[in-house]
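Inspection log for the structure reproduced underneath, given as structure tokens.
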There are 2 protein chains.
Amino acid sequence: MSDPTGAAASSPGGLPDDHWRPTYEDIHVMIRHMAEVMREEFQPDLLVAIGGGGFFPARVLRTFLKKRDEKHPGKMRNVPIQAIGLSLYEEVDGVSEEQIGTEVIRTQWLDTARRVTDSQGRSDAGGLLGKNVLIVDEVDDSRTTLHYAYHELLKDVKKALESYTPEERAELPPTRFGVFVVHNKRGPKRAELPVLASPADDRIVDGVSTGVYYYAAETTPPVWIDFPWEQTDIVEHNRLAALAQAQGRRAGAPPPGGPDTL
Amino acid sequence: MSDPTGAAASSPGGLPDDHWRPTYEDIHVMIRHMAEVMREEFQPDLLVAIGGGGFFPARVLRTFLKKRDEKHPGKMRNVPIQAIGLSLYEEVDGVSEEQIGTEVIRTQWLDTARRVTDSQGRSDAGGLLGKNVLIVDEVDDSRTTLHYAYHELLKDVKKALESYTPEERAELPPTRFGVFVVHNKRGPKRAELPVLASPADDRIVDGVSTGVYYYAAETTPPVWIDFPWEQTDIVEHNRLAALAQAQGRRAGAPPPGGPDTL
């Protein structure tokens, strides 16, 4: 048996590299389990999917986050999804090395046409106000994109709250933010989020939670993750995932009993 | 062997019903094949994903529609995705039987803040102008949602074109629309699209194509389709899909050699 590239021979267990390779089904099942936790703790009213990575997790989450209709108790209602488009700067003329991977480009935001302003000039911040808003993405790597999304949405909410009198504000249900990612990579982050250690720590100040409910379906070492939706050859992806699985370990993770960075 | 529900015994080949059950991998591979056709014929510049059904297909399509960067030929660029939110009226107080399933609710549209208007007051219709715009959804059933999306986007483009002089319009690259769905169901439609029989029939009038490039990864009989992202039990879904596959037929389709409505 020969391996023309030599890659497999040099990697453990016949795998070409140390990437993690979750399958669609792996991710679907992980989302299901985490949705159960979120239904108990956070009860999302609205999903904000960061495109394109957040699209698949948000769509699957919706399946597991249906809510009973208050008017028709026999009926289950979908939690609405709004999409925002965010990208980290890639190599573009005029962008410095320093900016690459740290600055966020906004390609789509909540539909401003829907930012309802009533006859008293009060805004609902594009539907965010008084909701438990869950921001959804595929991976939390440097935390830069999530940081940007949270702070910009929070800014929209605070601005909308200014259009209410203190008395009106006190009547509004509080606005809370949560984050869901499929994978959170351990390691240094470039930006921070005020992650709540526990839901009991949630404090509402001026109508908004001061913390973020944080959910990662899986926390991984700082490995490269090959998401299934990025694959040109999904059959080969699944074959390599099964190979890693058969060896009792994730691709990229050390063999059982070996050193573990988790 | 007994079947407590009695359903399996009454259905062909131990399947509980006549639904079609594509797996994630089935759909991923179908999208790959159709993307090759679209890259040749239509060359999408922008995907407009109808949420939530269009999210998964749009994200997978992006993997197969990368374009060579004109400035850096060694680099591949993602085709951008914009999301719009459309739902058919469900049963809601005050909505007549007639409206259910025929009227479309717009929950998000292209970000109006990005509808660039230049110093001469010219608009780019939220980035649509001069692009090959591919509208993406999971299924074309009654065609109502796709009809709405196409006509509303077309309206935006025509309105933007009014802000240009005839001479300026002649200089602009044409705007074209395409539609991609994973499944098109055969059967009567409630709304029509001006589907081009062939790309050779494409005619540009006043800067916009008069037709629609139409792509369905699979055309099915009017069966119920269980999409994988809707499943609470993805393992059981895949088991039933494999069972149908092992019998040499799709769940819901007649056995080979039997009558075929396709």
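The basis for the numbers below is simple: all heavy atoms, side chains too, and nothing from hydrogens, waters or symmetry mates. Letters go in sequence order (proteins before strands), and every chain restarts at 1.
Only the side chain of A:Asn238 comes within less than 4.5 Å of a heavy atom in chain B; its backbone stays farther off.
Contacts between residues 57-65 of chain B and chain A, defined by a heavy-atom separation under 4.5 Å, are made by B:Arg59, B:Val60, B:Arg62, B:Thr63, B:Phe64.
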Compile the donor-acceptor pairs under 3.5 Å between side chains in residues 43-52 of chain B and protein atoms, sequence neighbours left out, one pair per line.
unit_1	atom_1	unit_2	atom_2	d
B:Gln43	NE2	B:Arg39	O	3.3
B:Gln43	NE2	B:Glu40	O	3.2
B:Asp45	OD1	B:Lys67	NZ	2.7
B:Asp45	OD2	B:Asn132	N	2.7

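Ranked by heavy-atom pairs shorter than 4.5 Å toward chain B, the options A:Arg32, A:His28, A:His237 are led by A:His28.
With rounding to the nearest 0.5 angstrom, the CD atom of B:Gln108 is 10.5 Å from the CD1 atom of A:Ile81. Separation of atoms OH (B:Tyr24) and CD1 (A:Ile234) is listed at 11.5 Å; rounding is to 0.5 Å.
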